[in-house]
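All remarks here apply to the structure that follows.
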Amino acid sequence: MNYLHQTLDVSPDDMIEVILDHAANVQLLDAANFNAYQSGRENRYIGGHATTSPVNLRVPTSGLWHLVIDLGGMAGSVRADARVISRMAS
């Protein structure tokens, strides 16, 4: 399984902005669900299939979260850039 992965230490005051070069699955997972994802097991995530960019994801709880971007098993590749935006800084 090919995917892009980034670990983020974030809080509910943060939003994750993801910029894609084309449609892809954008998923934010906690540690247990990321482990399930890697093992090919059922998992829960925030996000989904994105056809427009940027994608903005709200962080539900503080801690380490895993941002995963994939093409759902389809051939090809995707480029992505992610950044954390603090709502407290606004």
Side-chain angles (χ1 to χ4, degrees):
M1 174 184 328
N2 291 326
Y3 59 89
L4 302 175
H5 171 253
Q6 185 173 355
T7 303
L8 303 165
D9 188 4
V10 290
S11 76
D13 292 328
D14 297 327
M15 178 180 66
I16 300 169
E17 179 184 70
V18 181
I19 298 173
L20 303 167
D21 66 342
H22 60 79
N25 298 320
V26 178
Q27 303 167 67
L28 186 62
L29 304 103
D30 62 17
N33 282 292
F34 179 63
N35 184 39
Y37 172 89
Q38 288 182 298
S39 300
R41 297 189 320 266
E42 187 175 326
N43 57 79
R44 300 178 133 245
Y45 55 85
I46 296 166
H49 185 73
T51 57
T52 60
S53 181
V55 176
N56 295 314
L57 303 172
R58 296 282 181 205
V59 177
T61 59
S62 294
L64 290 177
W65 286 84
H66 299 269
L67 178 64
V68 174
I69 300 165
D70 68 31
L71 295 176
M74 302 298 288
S77 62
V78 62
R79 285 187 302 197
D81 184 41
R83 69 181 181 138
V84 176
I85 301 170
S86 175
R87 290 187 285 177
M88 294 300 286
S90 300

Looking at residues at least two apart in the chain, or sitting in another chain, which of them share a side-chain contact (heavy atoms from CB on, under 4.5 Å) with Arg58? Met15, Arg87
Between Ile19 and Ser53, the two heavy atoms sitting closest are CA-OG, 3.2 Å
Closest heavy-atom pair and its distance - Asp70, Asn2: CB-O, 3.7 Å
For the residue pair Pro60 and Pro12, what are the closest heavy atoms and their distance? O-CG, 3.6 Å
Residue set satisfying side-chain contact (heavy atoms from CB on, under 4.5 Å) with Ala31, at least two apart, ordered chain then number -> His66
His22: partners by ring pair (Phe, Tyr, Trp, His ring centres under 6.0 Å), with sequence neighbours left out: none
What pairs of residues pass the salt bridge (Lys or Arg N to Asp or Glu O under 4.0 Å) test when at least one of them lies in residues 37-46, not counting sequence neighbours? none
Verify same cluster id: Leu28, Val55 (apolar side-chain graph, 4.5 Å): yes
Pairs in or reaching into residues 36-65: which pass ring pair (Phe, Tyr, Trp, His ring centres under 6.0 Å), with residues at least two apart or in two chains? Tyr3-Tyr37
Measure the shortest side-chain to side-chain distance between Gln27 and Asn43 over non-hydrogen atoms and say whether it is less than 4.5 angstrom. yes
Using modelled atom types and a 3.5 Å cut-off, is there a donor and acceptor pairing between side-chain atoms of Asn35 and backbone atoms of Ala32? no
Determine whether Leu67 and Leu57 make a side-chain contact, defined as any pair of heavy atoms from C-beta on separated by less than 4.5 Å. yes
Would Val59 and Val68 show up in the same hydrophobic cluster when neighbours are defined by side-chain heavy atoms closer than 4.5 Å? no
Could you tell me which residues satisfy salt bridge (Lys or Arg N to Asp or Glu O under 4.0 Å) with Arg83, sequence neighbours excluded, listed by chain and number? Glu17
Partners meeting side-chain contact (heavy atoms from CB on, under 4.5 Å) with Ala80 (sequence neighbours left out): Leu4, Val18, Leu20, Ile69
The criterion is salt bridge (Lys or Arg N to Asp or Glu O under 4.0 Å); which residues satisfy it with Asp21, sequence neighbours excluded? Arg79
